[in-house]
Participant: 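I am attaching a structure below and will ask some questions about it afterwards.
Chain letters run A, B, ... following the sequence lines, proteins first, then strands; residues in each count from 1.
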Number of protein chains: 2
Amino acid sequence: MNSEFTIAVHSLIYLAYLPDHMASSETIAKNVSTNPARIRKIMGCLRKNGLVKTKEGIGGGYILECDPETATLAQVLRSVSYGSLKPNWCTGNPEEACPISSGTQAVMDQVFRDAESHLEKYLDQITLRSVLEKIKQTR
Amino acid sequence: MNSEFTIAVHSLIYLAYLPDHMASSETIAKNVSTNPARIRKIMGCLRKNGLVKTKEGIGGGYILECDPETATLAQVLRSVSYGSLKPNWCTGNPEEACPISSGTQAVMDQVFRDAESHLEKYLDQITLRSVLEKIKQTR
DNA sequence: ATTACTGTAATATTATTATTTACAGTTTAG
DNA sequence: CTAAACTGTAAATAATAATATTACAGTAAT
């Protein structure tokens with residue numbers, strides 16, 4: 001898993017935290033500690049999934065488009081990191097006669113897919129609001 | 001997650017599949033499609049956790065030291081990839097005054113730790129035997 | 001029209017993964 | 001007792017993936 005999921009959650013939490021629920025890619029990038037282009041790319045995914053809205057042009061930026069009370073980390077995961085649990089390196093060789101060498105990868109792929117859907121179930125219980133509350137309490 | 005978990009599972013399945021449950025690092029590496037040094041490193045982790053036994057010297061190699069019927073993928077995960085769900089890149093900056101920038105990482109770390117223990121619970125239901133059976137059926 | 005934004009892609013940089021090589025230590029066989 | 005076939009481990013290198021930088025066209029406000 002790369003960091004896009006974490007960045008997406010961080011950005012959404014940040015928007016939820018701001019009084020007007022809005023910020024530019026540059027402001028978000030500073031808060032997250034990354035660069036604006038990366039934020040824009042990730043926000044694009046969140047926009048396609050209805051979690052944020054874009055306002056282009058001067059004074060524009062990103063606006064939270066979901067209710068932190070009901071939006072869950074699973075929605076965020078699906079938006080930016082679908083299928084990212086499985087490593088991209090593959091074991092074995094499909095051409096081999098040995099069933100272990102040729103067949104293990106497919107079975108492991110299934111294991112990872114199932115694992116990811118379990119992960120989703122867990123993340124479905126975590127709302128943006130609950131994360132925000134935990135952050136506030138941590139201080 | 002890097003591929004060590006998949007390689008470890010593949011290696012164990014391969015040993016379980018062999019009549020004498022034994023093979024050298026070179027043989028395993030060929031089956032997995034990687035190099036012997038990597039296999040030896042991973043097998044070292046599995047040995048420390050009692051999943052395989054090493055036989056050094058001529059005619060040596062690795063021997064399965066667990067019952068495929070009861071050994072689970074969770075044991076393998078714990079042996080080789082503990083804490084690997086969380087990405088190593090971190091968002092935010094602990095020095096910042098903004099609670100979101102300084103506090104999100106710690107909360108996300110907790111989310112990943114919990115997610116990993118959920119993952120473990122799922123993998124605890126999958127035995128080496130069941131993976132081996134699936135591979136055999138796939139043909 | 002100019003300014004301040006987003007969307008997107010190409011390129012560069014850095015970090016992580018994986019491979020290769022090497023060698024000391026161990027056991028078996030002759 | 002010595003050579004051969006293994007493991008254990010680490011260092012060096014190569015390959016790949018993640019991240020950052022740069023650039024520029026498109027859009028909306030002033």
Side-chain angles (χ1 to χ4, degrees), chain A residues 1-8 10-11 15 20 22-49 51-65 79-81 83-93 105, chain B residues 1-8 10-11 15 20 22-49 51-65 79-81 83-93 105:
Chain A
M1 183 127 54
N2 65 17
S3 318
E4 297 194 351
F5 170 65
T6 311
I7 293 176
H10 188 138
S11 303
L15 290 180
D20 58 355
M22 159 146 196
S24 71
S25 62
E26 196 180 336
T27 309
I28 299 172
K30 228 171 246 166
N31 198 273
V32 168
S33 296
T34 185
N35 51 289
R38 194 174 192 196
I39 294 295
R40 292 202 286 265
K41 189 182 167 218
I42 291 170
M43 292 318 248
C45 298
L46 298 180
R47 175 168 42 80
K48 280 170 199 156
N49 289 77
L51 293 168
V52 300
K53 220 170 43 183
T54 287
K55 187 155 186 281
E56 292 199 344
I58 188 168
Y62 300 95
I63 310 163
L64 197 66
E65 183 67 357
S79 304
V80 301
S81 304
S84 69
L85 196 55
K86 162 174 134 64
N88 22 32
W89 197 87
C90 291
T91 73
N93 178 355
Q105 189 60 54
Chain B
M1 183 126 54
N2 66 16
S3 319
E4 298 194 350
F5 171 64
T6 312
I7 294 176
H10 188 138
S11 303
L15 290 180
D20 59 355
M22 159 146 194
S24 72
S25 63
E26 196 180 335
T27 308
I28 299 172
K30 227 172 248 165
N31 198 273
V32 168
S33 294
T34 186
N35 52 288
R38 195 174 192 197
I39 294 295
R40 293 202 286 265
K41 188 182 168 218
I42 293 170
M43 292 317 247
C45 298
L46 298 180
R47 175 168 41 79
K48 280 170 199 156
N49 288 79
L51 292 168
V52 300
K53 220 170 43 181
T54 288
K55 187 158 185 282
E56 292 200 343
I58 187 168
Y62 300 94
I63 310 163
L64 197 65
E65 182 67 357
S79 303
V80 301
S81 304
S84 68
L85 195 57
K86 162 175 135 61
N88 23 29
W89 196 88
C90 291
T91 73
N93 177 356
Q105 188 61 54

Participant: Starting from C1' on C/dA18, measure out to CG on A/Asn88 and report it in whole angstrom.
Facilitator: 12 Å

Participant: Just how far, in rounded Å, is P of C/dT6 from CD1 of A/Ile63?
Facilitator: 11 Å

Participant: Calculate, to the nearest 0.5 Å, the distance between atoms CD and OG1 belonging to B/Glu65 and B/Thr54 respectively.
Facilitator: 10.0 Å

Participant: Among D/dA20, C/dG7, D/dG8, which nucleotide has an atom closest to any side-chain atom of B/Trp89?
Facilitator: D/dA20

Participant: Rounded to the nearest angstrom, tell me the gap between atom CZ in A/Arg38 and atom C1' in C/dA10.
Facilitator: 17 Å

Participant: List the steps and the verdict of side chain to side chain contact (heavy atoms under 4.5 Å, CB included) for A/Ser79 and A/Leu51.
Facilitator: CA-CA 9 Å; A/Ser79 304; A/Leu51 293 168; 3.7 Å; yes

Participant: Whole angstroms only, please: what is the CD1-P distance between B/Ile28 and D/dC6?
Facilitator: 12 Å

Participant: May I have the distance from A/Asn35 (atom CG) to C/dG7 (atom P), rounded to whole angstrom?
Facilitator: 15 Å

Participant: So if I apply the side-chain contact (heavy atoms from CB on, under 4.5 Å) rule between B/Met43 and each of B/Ile7, B/Ile28, B/Val80, which one comes out positive?
Facilitator: B/Ile28

Participant: How does each nucleotide of nucleotides 22-30 of chain C score, in 5' to 3' order, for protein heavy atoms under 4.0 Å: base (B), sugar-phosphate only (S), or none (-)?
Facilitator: B---BBB--

Participant: Side-chain N or O of A/Ser3 less than 4.0 angstrom from OP1 or OP2 on D/dT19?
Facilitator: yes

Participant: Starting at the 5' end of DNA chain C and moving along, which residue's nearest nucleotide shows up first, A/Pro36 or A/Gly60?
Facilitator: A/Gly60

Participant: Nearest 0.5 Å, what's the CG-CG distance between A/Leu15 and A/Asp20?
Facilitator: 9.0 Å

Participant: Of the options C/dA18, D/dT7, C/dT6, whose atoms approach the side-chain atoms of A/Ser25 most closely?
Facilitator: C/dT6

Participant: Ignoring hydrogens and geometry beyond distance, is a side-chain donor-acceptor pair present between B/Ser24 and B/Thr27 at under 3.5 Å?
Facilitator: yes

Participant: Side-chain N or O of B/Thr34 versus OP1/OP2 of C/dT19: is the shortest distance under 4.0 Å?
Facilitator: yes

Participant: Measure NZ/A/Lys30 against C1'/D/dA20 and give the value in whole Å, please.
Facilitator: 16 Å

Participant: Please step through side chain to side chain contact (heavy atoms under 4.5 Å, CB included) for the pair B/Thr91 and A/Ser3, ending with a clear verdict.
Facilitator: CA-CA 8 Å; B/Thr91 73; A/Ser3 318; 5.6 Å; no

Participant: Which residue pairs pass the side chain to side chain donor-acceptor pair (under 3.5 Å) test when at least one of the two sits in residues 33-46 of chain B, sequence neighbours left out?
Facilitator: B/Ser25-B/Arg40

Participant: Mind calculating the distance between CD1 (B/Ile39) and P (D/dC6) to the nearest angstrom?
Facilitator: 15 Å

Participant: Nearest whole Å is fine: how far is D/dT9 C1' from B/Lys48 NZ?
Facilitator: 10 Å

